[in-house]
Engineer: 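Please find one structure pasted underneath; my questions will follow.
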Amino acid sequence: MIRLLLTFLLFAGVSRLAAAERAPNFIVIFADDLGYGDLGCYGHPTINTPNLDRMAREGMKFTDFYSAAEVCTPSRAGLMTGRYPIRSGMASDKRRVLFPNSGGGLPQSEITIAKALKAKEYATACVGKWHLGHLPQFLPTRHGFDSYFGIPYSNDMDRSPKAPKGRVPFNEPKSEYWDVPLMRDEVIVERSPDQHELVPRYTRAALAFIEKNQSRPFFLYFAHSFPHVPLFASKRFAGKSPRGLYGDVVEEVDWSVGEIMKALKRLKIDRETLVFFTSDNGPWLIFNDQGGSAGLLRGGKGSTWDGGMREPGIAWWPGTIRPARVEHSLASTLDLLPTFLSLAKLPPISDRVIDGRDLSPVLHGTGPVERDAYFYYRGETLFAVRQGQHKAHFKTQDGYGQARPEIHTPPLLNQLGIDPGEQWNVAATSPQVIASIEDALERHRKTLKPVVNQLEIPLPAE
Ligand code: MG
């Protein structure tokens with residue numbers, strides 16, 4: 001009897017130790033073209049996002065969280081590698097993103113989050129929009145992901161001959177207007193899928209992956225195709241939001257977030273899982289009510305005004321993140337890779353420059369993020385630098401419709417703490433701030449090396 005008791009106690013101790021030592025799961029939920037002002041918890045008055053609001057209430061909401069770039073492809077390259085996209089050749093002034101006629105993609109020499117986590121045998125899946133190269137050698141399955149299900153680029157690409165001629169029909173979209181491929185791993189399983197069903201289908205794939213891998217460490221990269229235009233909501237959400245179709249779509253993405261949180265709780269792995277929600281770039285303002293809102297920030301998608309790159313950022317990890325934290329550290333999607341490696345107790349990547357910072361002290365509530373400066377690129381050109389609360393604009397250009405950048409010498413300077421809408425230039429009274437930012441920029445420039453521009457490579461001839 002005593003031996004039995006001892007065995008039980010030993011077993012209980014070992015399993016507790018194993019649970020404590022188990023590397024955490026990571027889930028990144030990535031929206032497309034969602035603005036800083038588009039969620040209830042970031043102040044939207046009519047878009048109803050109870051699940052994301054709860055995620056923020058039970059977790060941590062970042063106020064100063066930035067995407068790695070102002071448009072899709074470079075932003076995703078930054079998230080996946082922890083490096084400014086200029087370092088991997090995934091940014092271009094000529095072709096701002098990858099297109100179906102692009103021949104380039106994220107080079108094999110880059111280390112993605114998925115590839116890095118394979119050192120600890122994480123199960124890995126990518127669901128949704130990839131946009132880092134649609135040729136086989138660039139697909140998620142060649143970049144450390146065990147599986148892929150989704151559309152490899154934007155949902156408004158591959159315009160079909162069935163679409164009306166002329167203006168892009170975003171106001172009354174039909175799925176058949178876009179011949180986008182839906183892929184499973186490396187195979188196209190459908191063309192022109194019913195986009196009303198994308199969120200439910202992606203969500204089912206994500207839930208199946210979580211369920212299957214509940215007893216081992218996993219990494220799920222769940223990149224929604226929405227609220228990028230054309231907008232589609234399923235029957236359950238269509239016509240419900242006072243914000244119109246855009247609101248319906250954001251509310252369906254919110255529903256999907258809730259399904260993930262519910263599954264983690266049901267499987268009792270919520271305390272072992274860090275979920276991070278953010279977006280790839282700001283709202284696509286030129287589409288009016290079909291685009292989102294950057295709230296009080298200036299500009300939107302395509303620009304280096306804060307509205308183009310400052311995003312909702314919400315981290316949820318019950319039992320680790322103290323509930324209802326509001327975090328003001330200057331943080332970024334670049335930080336996810338070093339943060340996950342640190343939390344998985346893997347060594348940092350040391351054979352190349354990693355621009356991201358380890359956010360684990362922030363998540364644990366033990367300290368701030370150490371970051372000297374943040375660099376804003378439009379394509380491959382540096383436009384602005386933020387240091388502390390100050391942001392210097394060396395160039396400015398609207399996301400769309402302004403042919404050439406305006407060059408500022410000396411740079412425009414905004415104090416974002418006082419002026420988050422970037423209205424008032426304080427350069428004249430702060431020359432020492434500009435000098436310090438110029439020093440940081442000089443140090444940054446010294447770390448850059450020329451690389452092949454992947455966005456400008458044409459599709460090889462058949
Ligand atoms: Mg986008």
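Counting starts at 1 for both ligands and their atoms, following the listed order.
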Engineer: Give a rough value, rounded to 10 degrees, for the angle at the Mg ion (ligand 1) between atoms OD2 of Asp280 and OD1 of Asn281.
Structural biologist: 80°
Engineer: Determine all donor-acceptor pairs shorter than 3.5 Å in which one atom belongs to a side chain in residues 173-181; sequence neighbours excluded.
Structural biologist:
residue : atom : partner : partner atom : Å
Ser175  : OG   : Gln195  : N            : 2.7
Trp178  : NE1  : Asp156  : O            : 3.2

Engineer: What are the two closest heavy atoms between Val369 and Ser329, and how far apart are they?
Structural biologist: CG2-CB, 3.4 Å
Engineer: Can you tell me how far the NE2 atom of His408 sits from the CG atom of Asn425, to the nearest 0.5 Å?
Structural biologist: 8.5 Å
Engineer: Is it true that some N/O/S atom of Cys72, main chain or side chain, lies under 2.8 Å from the Mg ion (ligand 1)?
Structural biologist: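 An N, O or S atom of Cys72 is closer than 2.8 Å to the Mg ion (ligand 1), so yes.
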Engineer: So that I can check it, does any N, O or S atom in Ser279 come closer than 2.8 Å to the Mg ion (ligand 1)?
Structural biologist: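 No.
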Engineer: Is the distance between the ring centroids of Trp284 and Tyr400 less than 6.0 Å?
Structural biologist: yes
Engineer: With respect to the Mg ion (ligand 1), what is the nearest N, O or S atom of Asp33?
Structural biologist: OD1
Engineer: With Phe394, which residues qualify under ring-ring contact (aromatic ring centres under 6.0 Å, His included), at least two apart?
Structural biologist: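 Result, ring-ring contact (aromatic ring centres under 6.0 Å, His included) vs Phe394: none returned.
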Engineer: Restricting to N, O or S atoms of Asp32, which is nearest to the Mg ion (ligand 1)?
Structural biologist: OD1
